[in-house]
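A short write-up of the structure that comes next.
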Amino acid sequence: MDPFRSAVLRVVRAVPEGRVVSYGQVALLAGRPGAARAVGAVLRGLGEADGDVPWQRVVNARGGISTYKVGHGELQTALLESEGVELRGERVDMARYTWWPDDELARRMSGVCAQPT
DNA sequence: CGTCTGACGCACC
DNA sequence: GGGTGCGCCAGAC
C-alpha cells in the first residue's frame with residue numbers, strides 16, 4: 001500500500017551479507033532517483049515486523065554511518081563488523097564493499113533497476 | 001495549498 | 001582533511 005516503502009524494503013532485503021549500499025543507491029534501485037533522504041525516512045520507521053530488513057547495510061555515499069544521528073551508530077557498526085565489513089574509523093570502504101544487483105537479480109526484483117554503466 | 005523537517009548528496013570553498 | 005550551502009524527495013502539519 002506504499003509503493004515507495006515497499007520498493008525500498010525490497011531493495012534493502014536484496015543486499016547480501018557483508019556488503020553495503022548507499023541511501024542514494026537504494027533510492028535509484030527503488031525507482032526514485034534522488035530520493036535518498038526519503039529512503040532514510042523509511043528505514044527510520046522500521047519496526048519489529050521488519051526484523052528481516054538488513055538496514056545496517058545502508059550507509060551514506062561516503063561510507064559514513066548516518067544512524068549516529070538517531071542513536072544507532074554503535075549498533076550498526078557492531079552489526080556490520082559482525083558480518084565481515086571492516087570499518088576504517090567510522091567509515092566503510094565503499095570501493096570495496098558496495099553492492100550492485102547483477103542483471104539476474106535485477107530481473108528478480110522486478111523493478112526499475114537500471115544499473116549504472 | 002504553503003512550510004518545515006530530515007538514517008541524503010553534491011558542489012564549493 | 002573539514003565546513004557550508006542548496007537542492008532533492010516524501011511526510012507531517
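Residue numbers start from 1 in every chain, and the chains themselves are labelled A, B, ... in the order their sequence lines are given, proteins ahead of strands.
- Distances were taken from every side-chain heavy atom of A:Ala61 (C-beta onward) to each of B:dC10, B:dC8, B:dA7; the shortest belongs to B:dC10.
- When the P atom of B:dC8 is taken as reference, atom CZ of A:Phe4 falls 13 Å away, rounded to whole Å.
- Distance A:Arg62 CZ to B:dG9 P: 8 Å, rounded to the nearest Å.
- Residue-environment remark: CZ (A:Arg91) stays at or below the threshold of 12 foreign heavy atoms within 6.0 Å.
- Rounded to an integer number of Å, the gap from A:Met1 CE to C:dG11 P is 14 Å.
- Separating the CH2 atom in A:Trp55 from the CG atom in A:Leu75 is a distance of 4.0 Å, to the nearest 0.5 Å.
- Contact check, A:Ser22 against B:dC8: no side-chain N or O comes under 4.0 Å of OP1 or OP2.
- The CZ atom of A:Arg62 sits 11.5 Å away from the OG atom of A:Ser22 when rounded to the nearest 0.5 Å.
- Going from atom CE of A:Met94 over to atom P of B:dC8 covers 13 Å, rounded to whole Å.
- Remark: B:dC1 base-pairs with no nucleotide in the shown strands. Criterion, Watson-Crick or G-U wobble with two distances under 3.5 Å.
- For the pair A:Lys69 NZ and B:dC8 C1', the computed distance is 7 Å after rounding to whole Å.
- Pair assignment for B:dA7: none, as no Watson-Crick or G-U wobble contacts are both less than 3.5 Å.
- Regarding A:Asn60, its CG atom lies at a distance of 14 Å from the C1' atom of B:dG6, rounded to whole Å.
- Across all strands shown, A:Arg44 has heavy atoms under 4.0 Å from base atoms, whether or not it also approaches the sugar-phosphate.
- On a pure distance criterion of 3.5 Å, a polar donor-acceptor pair joins the side chain of A:Arg37 and the base of C:dG7.
- Rounded to whole Å, atom P of C:dA12 lies 10 Å from atom CG of A:Asp2.
- Of the inter-residue distances, the one linking A:Arg5 atom CZ with A:Leu43 atom CG reads 9.5 Å to the nearest 0.5 angstrom.
- Remark: P of C:dC9 and CZ of A:Arg32 are 11 Å apart, rounded to the nearest angstrom.
- Checking B:dG9, C:dA10, B:dA7 against the side-chain heavy atoms of A:Leu43 singles out B:dA7 as nearest.
- Taking 4.0 Å as the cut-off between side-chain N and carboxylate O, A:Arg19 and A:Glu83 do not count as a salt-bridged pair.
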